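Okay, structure first, notes after.
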Amino acid sequence: MLQPAESGELIVKNARYVKVNDGAIEKLADRIIQGIREKEISVDNFSQHQHHPTAKDPKAVDWIFLIDTLNFCFWTPGKVATKWTVEGETGYFALCAAINRAMREDIDVTNPAFYSTITIEQLERILRSDNATTKVPLLEERVRCLHEVGHVLLERYGGKFENLVRSCNGSAVALLQRIVSDFPCFRDEATLELGDGPEVSKTRVSIYKRAQILVGDLWSCFRGEGLGRFKDIDAITMFADYRVPQVLIHFGTLSYDERLMAVLQEDTLLENGCREEVEIRGASIYIVEQLKALVREKLIGHHLDIAPSCVNAILLDHFLWDYRRKHAKELEHIPFHKTISVYY
């Protein structure tokens, strides 16, 4: 199985529908350096968000694992007038707000002994929206995921995700592999066809969005220390979803051919694992890997006051994802691919 960075490179080299623009990556690298100088890009930003725990929180690890188990598909097809919102938040932060609310209500929501047998009715209550008529999408799938991961934690790791993390001895790669091996709902993989006609061959590629963000969130919450200290954190790539490509298009680093653009503009649902979806997500990984390397090169050559080690794909993803939220109206005209999936 090719790892995400290798998969991204292979996907781009064999792309039919997407194109990477190197010149635009260089311009974006300068924007990244500006963001580092202005503290817009920093590991400190994770724990400074009101919905995120700090390393001192005794339930931080369990909270992160629960959140990333449920961190997928917060939208529904079609023109929905009312979005799923919790305490005024939408999407991922609505999930964070809902789990924090449940904890304030003394629900033992981060305990696998609780969520391994959680019912649809219980989870629906926990994730209840500000609007009584709106529900979080894929509720049954979320219950299935909770049952799956909860049973594994109880049976193999004494009911604590921390035990799994410690068993990997400070290796982000080992932790990533353990997550996708032990928890099928994190196993975000696809088959890529190479070549044409009788010469076609197939290979498996990995994206691992939620599995990697789980590792990345541990690293961010603990600021690369203690339980979040990983000797090989640089092996973790960005977290390929359906929103970051909008930002990559906005900055000109990624472009689509006419056929794919027409499909996206028509709001056509793409099947998880289809060629178009895999190319968009693979190209996102590849571009951020190139961006990371270029930013570090520029820092070494021209910005000696900034350590290259402060740049990794996790922080670059945070910047790109936050940029989309901050400039949502500006980027609204850029279509994004729509896929119903538990993987992102």
Side-chain angles (χ1 to χ4, degrees), residues 46 48-53 59 62-111 114-115 117-150 185 209-210 213 217 239 241-247 264-270 272 318 321-344:
F46 179 88
Q48 289 176 358
H49 194 281
Q50 62 173 334
H51 293 303
H52 285 164
K59 292 190 176 181
D62 295 326
W63 185 95
I64 289 171
F65 182 74
L66 174 63
I67 287 291
D68 288 333
T69 296
L70 296 172
N71 183 11
F72 58 85
C73 198
F74 299 114
W75 63 278
T76 52
K79 304 289 185 181
V80 179
T82 305
K83 292 183 178 181
W84 175 66
T85 62
V86 179
E87 298 180 353
E89 300 281 8
T90 60
Y92 165 77
F93 286 122
L95 172 64
C96 295
I99 297 303
N100 291 341
R101 178 181 61 191
M103 295 172 70
R104 292 195 302 271
E105 295 172 348
D106 294 324
I107 300 173
D108 200 11
V109 66
T110 62
N111 186 346
F114 169 74
Y115 60 70
T117 59
I118 195 171
T119 65
I120 289 181
E121 292 75 20
Q122 286 174 314
L123 186 59
E124 184 176 357
R125 171 65 182 170
I126 289 169
L127 301 181
R128 66 188 182 276
S129 176
D130 297 337
N131 185 304
T133 62
T134 306
K135 297 180 181 180
V136 66
L138 302 184
L139 190 61
E140 292 184 1
E141 287 80 355
R142 295 180 200 280
V143 170
R144 179 180 59 79
C145 290
L146 289 175
H147 288 177
E148 174 188 289
V149 302
C185 68
K209 186 268 186 180
R210 283 175 43 237
I213 205 171
D217 283 351
F239 320 125
D241 68 353
Y242 56 91
R243 286 298 196 178
V244 169
Q246 277 185 295
V247 185
L264 300 183
Q265 288 174 335
E266 293 170 1
D267 279 344
T268 303
L269 281 178
L270 297 183
N272 179 232
H318 289 178
W321 191 80
D322 287 339
Y323 188 96
R324 207 288 308 175
R325 287 182 66 90
K326 293 175 182 176
H327 301 84
K329 290 185 178 180
E330 181 184 351
L331 274 62
E332 188 175 0
H333 72 282
I334 302 173
F336 61 92
H337 75 280
K338 297 178 173 64
T339 301
I340 303 296
S341 170
V342 301
Y343 297 122
Y344 63 103

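All figures in this text were calculated on a predicted structure; none of them were measured in a lab.
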Member of N111, L146, V149 meeting the side chain to side chain contact (heavy atoms under 4.5 Å, CB included) criterion with L66: L146
Do side-chain atoms of T339 reach the backbone of N272 as a donor and acceptor pair under 3.5 angstrom? no
Hey, does V244 have a side-chain heavy atom less than 4.5 Å from the side chain of R324? no
Evaluation steps, side chain to side chain contact (heavy atoms under 4.5 Å, CB included), between T119 and V143: CA-CA 7 Å; T119 65; V143 170; over 6 Å; no
Taking the side chain as every heavy atom from C-beta outward, state whether F114 and I107 have any atom pair closer than 4.5 Å. yes
Quick one: do F93 and W321 satisfy ring pair (Phe, Tyr, Trp, His ring centres under 6.0 Å)? Show the steps, please. CA-CA 12 Å; F93 286 122; W321 191 80; 5.6 Å; yes
Is it true that K338 and D267 have a side-chain N and a carboxylate O under 4.0 angstrom from each other? yes
L95 and W84: which non-hydrogen atoms are nearest, and at how many Å? N-CH2, 3.6 Å
Does G88 offer a backbone N or O that forms a donor-acceptor pair with the side chain of D130 under 3.5 Å? yes
Between R128 and R101, is any pair of side-chain heavy atoms under 4.5 Å apart? yes
Have a look at S129 and tell me which of T90, T85, V136 forms a side chain to side chain contact (heavy atoms under 4.5 Å, CB included) with it. T85
Side-chain contact, heavy-atom cut-off 4.5 Å: V247 with I334? no
Given E148, H147, E140, the one that forms side chain to side chain contact (heavy atoms under 4.5 Å, CB included) with R144: E148
Using side-chain heavy atoms (C-beta onward) and a distance below 4.5 Å, is L331 in contact with Y323? yes
Test Q122 against R125 for side chain to side chain donor-acceptor pair (under 3.5 Å), laying out the working first. CA-CA 5 Å; Q122 286 174 314; R125 171 65 182 170; over 6 Å; no
Rounded to the nearest 0.5 angstrom, the CG-OH distance for L123 and Y115 is 12.5 Å
From M103 atom CE to I99 atom CD1, the distance as rounded to the nearest 0.5 Å: 9.0 Å
Write down the atom of H51, the atom of A97, and the distance for their closest heavy-atom approach. CE1-CB, 3.8 Å
Check P335 against Q265 and note the closest heavy-atom contact, atom names and distance. CG-CG, 3.9 Å
Between C145 and C185 the two heavy atoms that sit nearest each other are SG-CB, 3.6 Å
Testing the basics here: between D241 and H337, what is the closest heavy-atom pair and its distance to 0.1 Å? O-CE1, 3.4 Å
Are the side chain of R210 and the backbone N or O of L70 linked by a donor-acceptor pair below 3.5 Å? no
Report the relative orientation of the aromatic rings in F46 and H318; use parallel for angles under 30°, tilted for 30 to 60°, perpendicular for over 60°. parallel
Nearest-0.5 Å distance that lies between atom NZ in K83 and atom CZ in F74: 13.0 Å
Under a 4.5 Å cut-off applied to non-hydrogen side-chain atoms, are I118 and I126 in contact? yes
To the nearest 0.5 angstrom, please state how far the CG atom of D62 sits from the CG atom of D108. 9.0 Å
Student check: side-chain heavy atoms of K209 and N71 closer than 4.5 Å: yes
Could you tell me whether the side chain of F65 reaches within less than 4.5 Å of the side chain of T110, counting heavy atoms only? no
More than 12 non-hydrogen atoms from neighbouring residues, nucleotides or ligands closer than 6.0 Å to CD on E105, yes or no? yes
Any donor-acceptor pair under 3.5 Å linking the side chain of Q246 with the backbone of F336? no
Distance (rounded to the nearest 0.5 Å) between S341 OG and E141 CD: 10.0 Å
